[in-house]
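Reviewing the structure listed below.
Being a predicted model, the structure only gives us computed values, none of them experimental. Numbering of ligands and ligand atoms starts at 1, following listing order.
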Amino acid sequence: MSESLGAPRHEVCNSGTPHTTTRVQRLKLSNVKGVPLPSSICAIFDKTEKFQAKGDDVLIATYPKAGTTWMIEIVDSIRQGGITKEIKTIPSHERAPYLEFNGLNVISTGLDLLEAMPSPRLVKTHLPFQLVPQSFWDKGCKVIYVARNAKDVLVSFYFFHKMNVRLPETGTWDDFIESFLSGNVAFGSWFDHVTGWWDVREKHQILYVFYEDILQDPMREVERVAHFLGHTLDKVTIQEIVKHTAFDMMKDNPMTNASIFPTSILDLSISPFMRKGQVGDWKNYFTVAQNERFEEEYRRRMAETSLRFRTEL
Ligand code: PPS
């Protein structure tokens with residue numbers, strides 16, 4: 001075993017033995033217009049494409065594990081003017097349905113939830129820009145894109161793959177790094193995703209937000225999101241939102257910590273959904289060699305873009 005970059009690495013990451021579950025069949029990835037997506041999502045993608053957005057829908061778009069659930073909680077609290085009874089009692093996935101999600105008859109599809117939802121709606125998606133239904137652009141919807149540095153996303157995604165027992169097996173940690181770098185994971189290449197949304201941010205009403213910035217200065221970022229959405233909130237309400245959406249609060253909150261999902265979808269005994277919520281956790285998992293390999297590919301893939309990430313604070 002080679003030397004790691006920081007504190008001792010987590011034993012699950014080190015095990016080299018893919019976790020297997022006998023309870024449910026893990027899904028394979030299929031392809032929509034060249035983007036690998038879970039086969040369940042591909043199966044209903046013709047319907048997803050035809051989704052009719054409304055002008056007051058707000059779309060929260062992210063590559064997986066970039067802070068989607070966090071932003072949903074922030075935006076919903078802003079739109080409701082504070083921490084209302086709805087926010088305290090309705091699960092996140094019902095307040096912001098996951099557009100392309102197919103619950104395979106265990107839980108509702110995103111499309112069904114959205115159909116039944118009164119306006120103004122909050123919509124979650126992990127789709128790359130080019131796969132987002134056209135109606136969002138025709139209706140001029142506001143979009144908040146949250147981006148997080150690739151190394152922390154990779155670690156978070158690895159643990160999520162293990163506990164989301166519908167996603168394909170990760171293989172070893174080394175295998176998963178290679179799958180991630182080649183874009184052979186659900187929702188495709190992180191590089192294409194973050195740069196694809198970055199390149200169009202000024203063509204549409206898109207606010208591009210960084211996970212690292214929210215963690216560093218949540219008051220400033222909540223105010224920025226509120227301003228973008230056309231809401232003016234007093235300081236006390238913003239402080240209340242920041243407190244409600246802090247990692248420890250969301251980790252203990254059954255409306256946000258995914259404990260509501262059946263274990264046939266998310267098995268929290270394998271890894272919690274609200275895992276660490278940090279910037280720089282990657283140092284606990286990357287070996288020196290893995291980091292060099294990653295950096296080399298990163299430099300190559302990010303050479304042409306002005307998009308920059310922070311991997312520590
Ligand atoms: S998903 O499944 O793709 O929708 O997951 P997503 O919500 O995008 O990302 C989950 C990661 O975000 C972390 N998280 C937070 N970090 C800081 N503060 C708050 N409030 C917060 N809420 C969620 C969560 O812990 C996952 O990151 P990791 O690194 O695994 O802890």
Working to the nearest 0.5 Å, report the span between CD of Glu115 and CD of Gln52.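 Here the interatomic distance stands at 10.0 Å.
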
Could you grab the distance from atom CG of Leu99 to atom OG1 of Thr109, nearest 0.5 Å is fine?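 It is 9.5 Å, given to the nearest 0.5 Å.
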
Looking only at protein heavy atoms, which one is nearest to [atom], and how far off is it?
{"atom": "atom 26 (C) of ligand 1", "value": "Ser156 OG, 3.8 Å"}
{"atom": "atom 7 (O) of ligand 1", "value": "Thr69 OG1, 2.5 Å"}
{"atom": "atom 8 (O) of ligand 1", "value": "Thr68 OG1, 2.3 Å"}
{"atom": "atom 4 (O) of ligand 1", "value": "Lys124 NZ, 3.1 Å"}
{"atom": "atom 16 (N) of ligand 1", "value": "Tyr211 OH, 2.7 Å"}
{"atom": "atom 24 (C) of ligand 1", "value": "Phe273 O, 3.9 Å"}

Pick from [options]: the one approaching [atom] most closely through a non-hydrogen atom:
{"atom": "atom 20 (N) of ligand 1", "options": "Asp152, Thr245, Asn164, Val279", "value": "Thr245"}
{"atom": "atom 27 (O) of ligand 1", "options": "Arg275, Arg148, Met250, Gln278", "value": "Arg148"}
{"atom": "atom 1 (S) of ligand 1", "options": "Met274, Lys65, Lys251", "value": "Lys65"}

Mind checking whether Glu73 contacts ligand 1 via backbone (N, CA, C, O), side chain (CB onward), both or neither, at a 4.0 Å heavy-atom cut-off? neither

Hey, is Pro64 touching ligand 1 through its side chain, its backbone, both or neither, going by heavy atoms under 4.0 Å? both

With distance as the sole criterion, is a donor-acceptor pair present between the side chains of Asp234 and Thr237 under 3.5 Å? yes

Does one side chain, of Thr172 or Asp174, offer a donor that lies under 3.5 Å from an acceptor on the other?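 There is no such pair (donor and acceptor under 3.5 Å, judged by atom type) between the side chains of Thr172 and Asp174.
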
Can you confirm whether more than 12 heavy atoms, excluding those of [X], are under 6.0 Å from its [atom1] atom?
{"X": "Lys54", "atom1": "NZ", "answer": "yes"}
{"X": "Glu296", "atom1": "CD", "answer": "no"}
{"X": "Asn105", "atom1": "CG", "answer": "no"}

In this structure, would Val165 and Leu268 fall into the same cluster of hydrophobic residues linked by side-chain contacts under 4.5 Å? yes

Determine yes or no for a side-chain-to-main-chain donor-acceptor pair under 3.5 angstrom, with Asp152 supplying the side chain and Trp282 the backbone.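 Yes, because the side chain of Asp152 sits within donor-acceptor range (under 3.5 Å) of the backbone of Trp282.
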
Looking only at distances, can you tell me whether any N or O atom of Gly277, backbone or side chain, sits closer than 3.5 Å to an N or O atom of ligand 1?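 Yes; the residue has a nitrogen or oxygen that sits under 3.5 Å from a nitrogen or oxygen of the ligand.
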
Would you check whether Phe160 has a nitrogen or oxygen atom less than 3.5 angstrom from a nitrogen or oxygen atom of ligand 1?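 Min N/O separation from ligand 1 is not below 3.5 Å for Phe160.
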
I'd like to know if [X] contacts ligand 1, where contact means a heavy-atom distance under 4.0 Å to any ligand atom.
{"X": "Met71", "answer": "no"}
{"X": "Phe159", "answer": "no"}
{"X": "Phe157", "answer": "no"}
{"X": "Tyr98", "answer": "no"}
{"X": "His126", "answer": "yes"}

Check step by step if side-chain hydrogen bond (donor to acceptor under 3.5 Å, both in side chains) holds for Glu73 and Ser92. CA-CA 7 Å; Glu73 207 60 13; Ser92 168; 4.8 Å; no

Hey, which of Phe101, Phe261, Tyr98 is the one that makes ring-ring contact (aromatic ring centres under 6.0 Å, His included) with His93? Phe261

